[in-house]
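Report on the following structure.
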Amino acid sequence: MAENTFNAGTPNPGPEKPKSSKNGLIYGILIAALVGTWGYMYYDKSQTSREIATKENQLDTLTESRNQIQSEYEAASARLDDLISQNSRMDSLVKSKDKEIADMKGRITSILSNKNATSAQLAEARRLIEELKSKTEGYVQTIERLEGEKIVLAGERDYARKERDSVTTVKDSLGKRVDLGSVLHASNIKLSPINLRKNGKEEVTTKAKRADMMRVSFDLDNRIATTGDKEIYVAITAPDGSPLAVEALGSGRFTLEDGTEKLYTVKKTVSYQSGGITPVSMDWKQNSDFKPGDYSVEIYQDGFRIGNGKVSLKKGGLFN
């Protein structure tokens, strides 16, 4: 009975919910929030890393581009300087545009020296370098054209000079012919060894030991030669091939028609009468004995040889 009374007097509260389910909900919310925070932090860090990587790639690209442009600029500038140093015409052409080129180089150098140069500035530098290259090639083409004109002019000058030289040669040739035509002719040439006797008489000899002097005699003639004084040179050669010439005795040098010089033994100014025959005699008495052998004589006028002859001297015996 007692048990029934207690049950009747106490209200029934119904079944209680377990506390563990509430805690699990809270934990779930907290975990979800934590995971979301971590996810956001991971996402933000990933975005930041990607941005840094992108900026680094952009920076590397700009640096590589700047280095490439720097190399191109150095090559273009070196080519221009090399052309200027090798060609005076190039130097004068560049000097006429000094300020323009200096401004271009200054702007390029300013951009390339800026480590923070933008891609737009580097593009400007590349454009200026290409313009510098274009100007250099333009200068080269101008020089080649001028050199071509120079070659043509040089060829024309050479042709004109050859024509002039040809005319001069013909003129000189004609002049020489005229000169040669007016040169006298020597004939009846004799080279006579003379022995001077004590009584003053002269005697022709064939013995070297008895010869005191050489006498050259000949006749001058020429129908077209003008009347007047003519300088005649006589060159005697000894048997050993040496010229008989002693300056103290009146010997010297004269000029041949080809411009070379020759020693003469004696010379004489002859009064020539046009159209006639003029006999000439010239003596050579040297300060040493004549040697045996063949002696030759050559006669010259106005640089031309007009005659020659020869005589032999014998050694001579004891009683000759």
Side-chain angles (χ1 to χ4, degrees), residues 179-180 182-223 225-320:
D179 290 342
L180 186 57
S182 62
V183 170
L184 299 174
H185 173 252
S187 60
N188 299 321
I189 301 170
K190 294 179 181 179
L191 180 60
S192 304
I194 304 296
N195 171 244
L196 298 177
R197 306 188 69 173
K198 293 182 180 180
N199 59 8
K201 290 184 179 182
E202 298 178 354
E203 181 182 55
V204 177
T205 182
T206 59
K207 305 297 190 292
K209 185 176 181 180
R210 299 182 59 188
D212 296 310
M213 67 178 184
M214 288 284 190
R215 174 167 294 158
V216 183
S217 59
F218 49 90
D219 293 331
L220 295 177
D221 64 90
N222 189 322
R223 292 182 180 179
T226 58
T227 299
D229 291 341
K230 310 294 182 182
E231 199 81 57
I232 306 298
Y233 296 88
V234 169
I236 303 175
T237 304
D240 61 2
S242 62
L244 298 185
V246 181
E247 187 176 355
L249 300 178
S251 302
R253 294 178 180 272
F254 69 104
T255 304
L256 297 173
E257 54 87 18
D258 63 359
T260 60
E261 289 188 337
K262 184 177 178 66
L263 284 169
Y264 67 86
T265 307
V266 291
K267 70 175 181 176
K268 187 174 185 179
T269 302
V270 177
S271 180
Y272 178 74
Q273 186 67 35
S274 179
I277 296 177
T278 303
V280 179
S281 178
M282 304 171 69
D283 294 338
W284 167 249
K285 186 177 181 180
Q286 61 186 30
N287 53 4
S288 60
D289 294 335
F290 289 98
K291 297 179 182 179
D294 294 333
Y295 288 79
S296 62
V297 58
E298 295 176 314
I299 304 168
Y300 291 85
Q301 187 236 329
D302 287 345
F304 294 95
R305 193 176 73 172
I306 62 175
N308 63 286
K310 185 166 59 172
V311 69
S312 296
L313 283 180
K314 299 178 181 179
K315 185 175 182 181
L318 181 62
F319 301 102
N320 290 324

- prompt: Is the shortest heavy-atom distance from the side chain of Ile194 to the side chain of Thr205 under 4.5 Å?
  reply: no
Heavy-atom closest contact (Val266 atom, Trp284 atom, distance): CG1-CE3, 3.6 Å
- prompt: What closest approach, in Å, do Ser251 and Ala245 show between heavy atoms, and which atom pair accounts for it?
  reply: OG-CA, 3.3 Å
message: Rounded at 0.5 Å granularity, tell me how far OH in Tyr300 sits from CD in Glu257.
response: 10.0 Å
query: Looking at CD1 of Ile236 and CD of Glu298, how far apart are the two atoms once the value is rounded to the nearest 0.5 Å?
result: 11.0 Å
task: Mind checking the CZ-CG spacing from Arg210 to Leu313? Nearest 0.5 Å is all I need.
output: 12.0 Å
field: Check against side-chain contact (heavy atoms from CB on, under 4.5 Å), Thr265 and Val297
entry: CA-CA 9 Å; Thr265 307; Val297 58; over 6 Å; no
- prompt: For Thr260, does its backbone N or O pair with a side-chain atom of Asp258 as donor and acceptor, under 3.5 Å?
  reply: yes
- line: CG of Asn195 to NZ of Lys207, rounded to nearest 0.5 Å, is 11.0 Å
- line: Of all heavy-atom pairs linking Ala235 and Lys262, the shortest is CB-CE, 4.0 Å
query: Is there a donor-acceptor contact under 3.5 Å from the side chain of Tyr295 to the main chain of Pro193?
result: no
task: Nearest 0.5 Å please: distance from the CD1 atom of Ile299 over to the CD1 atom of Ile189.
output: 4.0 Å
Taking every non-hydrogen atom, the tightest pair across Leu249 and Gln286: CD1-CA, 3.9 Å
statement: For Lys267 and Met282 the tightest heavy-atom approach is C-CE, 3.4 Å
- request: Keeping to residues at least two apart or across chains, list the salt bridge (charged side-chain N to carboxylate O under 4.0 Å, His left out) pairs with something in residues 275-286.
  value: Arg215-Asp283
message: Test of understanding: with side-chain contact (heavy atoms from CB on, under 4.5 Å), list the residues that count as partners of Asp289, not counting sequence neighbours.
response: none
task: Apply side chain to side chain donor-acceptor pair (under 3.5 Å) to Ser271 and list each qualifying residue two or more places apart in sequence or on a separate chain.
output: none
ring-ring contact (aromatic ring centres under 6.0 Å, His included) against Tyr233, all qualifying residues, sequence neighbours excluded: Phe254, Tyr264
task: Verify the neighbour count for atom CD of Glu247: are there more than 12 heavy atoms of other residues, nucleotides or ligands below 6.0 Å?
output: no
field: Interatomic spacing from CG in Asp221 to CD in Gln273 - rounded to 0.5 Å
entry: 13.5 Å
Candidate list Ile232, Asp229, Leu184, test side chain to side chain contact (heavy atoms under 4.5 Å, CB included), partner Val270, passing option: Ile232
message: Applying side-chain contact (heavy atoms from CB on, under 4.5 Å) to Ser274 and Thr226, what does each step give before you reach the verdict?
response: CA-CA 5 Å; Ser274 179; Thr226 58; 5.7 Å; no
task: Mind running side-chain contact (heavy atoms from CB on, under 4.5 Å) on His185 and Ile306 for me, showing each step along the way?
output: CA-CA 5 Å; His185 173 252; Ile306 62 175; 5.8 Å; no
- prompt: What residues form a side chain to side chain donor-acceptor pair (under 3.5 Å) with Glu231, not counting sequence neighbours?
  reply: Thr269
- request: Might you point out which heavy atoms bring Leu244 and Phe290 nearest each other, and give the distance in Å?
  value: CD1-CE2, 4.3 Å
- request: Under the side chain to side chain donor-acceptor pair (under 3.5 Å) rule, collect the residues that match up with Ser296, sequence neighbours excluded.
  value: none
